[in-house]
Amino acid sequence: MKTLFHKSSSIALGMLFLIAEGCTHKDLNEDAHTTLADNVEVIFDWSKTPAKEAKTMVLYLYSDEHEMMDYRFNNPDGGTIRTYAGPHTAVCHSNDDPYGHHLRAQDSHDDIEIYTDETGILVGQGISTRGIPRAKGTEDEPLRETPSMIYGAQNREVNLKVSALPQKLALFPEELICRYSVEFVDVENLKSADLRIDATISSLAGGYYPGRMKPNSEAVSHTFTLTANLDNNSLNTVFYTFGLPEGEEKDHKICLYIALKDRTGAFYTFDVTDQVNKAPDPRNVSIKIYGLKLPEIPDDPPKLPDGESGFSIEVDTWDTYHYDLKV
């Protein structure tokens with residue numbers, strides 16, 4: 001069962017509105033008044049990021065003595081909370097896309113993990129992923145949606161005192177997500193294609209551990225959509241990923257899917273391993289591909305039977321083309 005970013009707490013007695021606007025958390029054990037830090041100011045310091053773009057934040061406090069406590073802030077700055085005193089590990093992340101991002105294993109600061117949905121549709125052209133060809137060696141990888149930008153931080157040395165006096169807990173969020181840009185340069189017969197073309201990229205991380213500040217080891221293929229620019233005969237896109245999976249270095253293939261109006265499709269594979277694994281900045285990867293030639297489609301294509309549109313979520317056959325690329 002998938003768990004949304006907003007973790008429901010069955011043990012919560014209710015939601016307490018705190019001093020900070022928009023901050024909520026679980027109620028504490030009121031009998032444990034001698035173990036509480038009553039006035040903790042949570043500060044999200046954005047000095048490690050280019051811009052403070054998050055709108056909401058979630059904070060998790062882990063303790064050996066008490067259950068995990070989670071707090072949600074409807075602002076990027078923080079607020080005042082009430083929690084248990086003692087040593088904690090603090091983990092925080094932005095929460096601006098609770099429907100696109102999911103969370104699991106949040107009861108453990110090492111295992112709490114952010115991941116995205118599997119997808120059954122290549123959204124640019126509405127192609128079903130059922131039965132689409134895959135690059136050799138990636139056939140068993142899940143097809144996952146790309147994430148949105150996520151910011152986060154962790155601190156394993158938080159120590160809060162039993163006190164009603166003000167205390168401060170500062171965390172320094174940074175970008176947890178990588179940017180990938182893909183550009184097809186000097187594409188031939190681009191006017192034959194739809195203005196939005198679907199693609200996948202293989203063997204990237206399927207999730208991220210904000211408590212460890214590193215991606216997981218699961219290899220997945222992400223789906224994305226390219227936009228055609230007829231003025232310079234190019235295909236372009238920018239999207240986010242969780243980065244390279246932990247562990248052994250993997251090969252990376254881009255698969256391009258172009259559905260044609262005769263219910264056939266053109267399927268292209270490109271080995272972009274060097275451009276990904278040897279990128280100067282692994283958090284900002286730029287992939288450029290030259291030499292793509294699309295099929296020519298007549299200006300007046302054959303008329304389809306009544307009731308059938310030009311594009312279909314099912315493609316009967318795929319013509320396959322493979323490219324070996326050099327950096």
Side-chain angles (χ1 to χ4, degrees), residues 1-16 18 20 22-45 48 54 56-96 98 101-115 150-163 166-177 207-217 242 246:
M1 180 181 295
K2 296 182 300 189
T3 305
L4 293 176
F5 261 63
H6 295 300
K7 179 193 171 192
S8 298
S9 176
S10 60
I11 62 174
L13 299 178
M15 302 302 290
L16 179 67
L18 304 176
C23 174
T24 60
H25 74 159
K26 300 175 184 175
D27 280 345
L28 304 173
N29 181 356
E30 295 298 342
D31 295 332
H33 61 278
T34 58
T35 66
L36 296 182
D38 280 303
N39 191 8
V40 178
E41 182 184 2
V42 177
I43 301 169
F44 298 117
D45 184 321
K48 288 188 175 181
T56 61
M57 296 292 292
V58 180
L59 168 67
Y60 306 89
L61 291 179
Y62 298 91
S63 166
D64 291 338
E65 301 296 326
H66 305 284
E67 65 179 359
M68 181 271 291
M69 303 295 294
D70 60 327
Y71 304 83
R72 296 167 177 80
F73 302 86
N74 292 329
N75 66 81
D77 300 311
T80 303
I81 66 172
R82 187 172 184 241
T83 191
Y84 291 109
H88 295 79
T89 292
V91 177
C92 72
H93 60 74
S94 58
N95 192 30
D96 294 345
H101 299 150
H102 304 296
L103 202 69
R104 56 190 167 204
Q106 57 264 50
D107 289 330
S108 166
H109 59 75
D110 273 337
D111 297 329
I112 182 172
E113 182 183 0
I114 303 166
Y115 66 101
I150 305 172
Y151 301 91
Q154 59 89 18
N155 185 342
R156 296 173 182 265
E157 298 181 355
V158 174
N159 198 358
L160 301 174
K161 298 178 181 179
V162 177
S163 177
Q167 303 180 64
K168 290 186 178 182
L169 169 55
L171 291 161
F172 298 82
E174 54 191 272
E175 293 182 353
L176 305 184
I177 296 298
Y208 196 92
Y209 297 118
R212 306 181 201 177
M213 299 292 284
K214 63 175 59 176
N216 67 13
S217 60
F242 294 114
E246 284 287 293

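Sequence positions, counted from 1, serve as the residue numbers for this chain.
- Note: C92 SG to L61 CG = 10.0 Å, rounded to the nearest 0.5 Å.
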Carefully, step by step, assess D111 and R212 under the rule salt bridge (charged side-chain N to carboxylate O under 4.0 Å, His left out). CA-CA 8 Å; D111 297 329; R212 306 181 201 177; 2.9 Å; yes
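- Side chain of Y208 to main chain of Y115: no donor-acceptor pair is present (N/O by atom type, distance under 3.5 Å, no hydrogens or angles).
- Side-chain contact check for K168 versus I43: some heavy-atom pair is nearer than 4.5 Å.
- In terms of heavy-atom proximity, Y209 sits nearest to P215 at CD1-O, 4.1 Å.
- Contact between H101 and I114 at its shortest, heavy atoms only, is CB-CG2, 4.1 Å.
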Carefully, step by step, assess I112 and Q154 under the rule side chain to side chain contact (heavy atoms under 4.5 Å, CB included). CA-CA 12 Å; I112 182 172; Q154 59 89 18; over 6 Å; no
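- Contact between N95 and P98 at its shortest, heavy atoms only, is O-CD, 3.8 Å.
- With rounding to the nearest 0.5 Å, the separation of CZ in F242 from CG in L176 is 9.5 Å.
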Working note: K161 + Q167, criterion side chain to side chain contact (heavy atoms under 4.5 Å, CB included); need CA distance, chi angles, decisive distance, verdict. CA-CA 8 Å; K161 298 178 181 179; Q167 303 180 64; 3.6 Å; yes
Evaluate the criterion side chain to side chain contact (heavy atoms under 4.5 Å, CB included) for residue pair Y84 and E65; output intermediate values, then yes/no. CA-CA 9 Å; Y84 291 109; E65 301 296 326; over 6 Å; no
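- Between M68 and Q106, the closest heavy-atom pair is CE-O, 3.6 Å.
- Note that the OG1 atom of T83 and the CG atom of L160 stand 7.0 Å from one another [nearest 0.5 Å].
- For the pair M69 and S63, the minimum side-chain heavy-atom distance is 4.5 Å or more.
- The distance from the NE2 atom of H88 to the CG atom of L169 is 9.5 Å, given to the nearest 0.5 Å.
- Ring geometry for Y62 against H109 counts as perpendicular: the plane angle is over 60°, on a 0 to 90° scale with 30° as the lower cut.
- A90 and L59 get closest at one heavy-atom pair: CB-CD1, 4.1 Å.
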Determine whether D96 and T56 satisfy the following criterion, side-chain hydrogen bond (donor to acceptor under 3.5 Å, both in side chains), listing intermediate values before the conclusion. CA-CA 6 Å; D96 294 345; T56 61; 3.0 Å; yes
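- To the nearest 0.5 Å, atom CD1 of residue I150 and atom CD of residue E174 are 13.5 Å apart.
- Side-chain atoms of T80 never come within 3.5 Å of backbone atoms of N39 as a donor-acceptor pair (strictly under, hydrogens ignored).
- Across all their heavy atoms, A54 and P76 have their closest contact at O-CB, 3.2 Å.
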Checking ring-ring contact (aromatic ring centres under 6.0 Å, His included) for the pair F73/F44: CA distance, chi angles, key distance, verdict? CA-CA 10 Å; F73 302 86; F44 298 117; 5.4 Å; yes
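- The aromatic ring centroids of Y60 and Y71 lie 6.0 Å or more from each other.
- Taken from OG in S163 to CG in D38, the straight-line distance is 7.5 Å, to the nearest 0.5 Å.
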Audit row: L171, N155, side chain to side chain contact (heavy atoms under 4.5 Å, CB included) steps and yes/no: CA-CA 7 Å; L171 291 161; N155 185 342; 3.8 Å; yes
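- Side-chain contact, N216 with E113: a donor N or O sits under 3.5 Å from an acceptor N or O.
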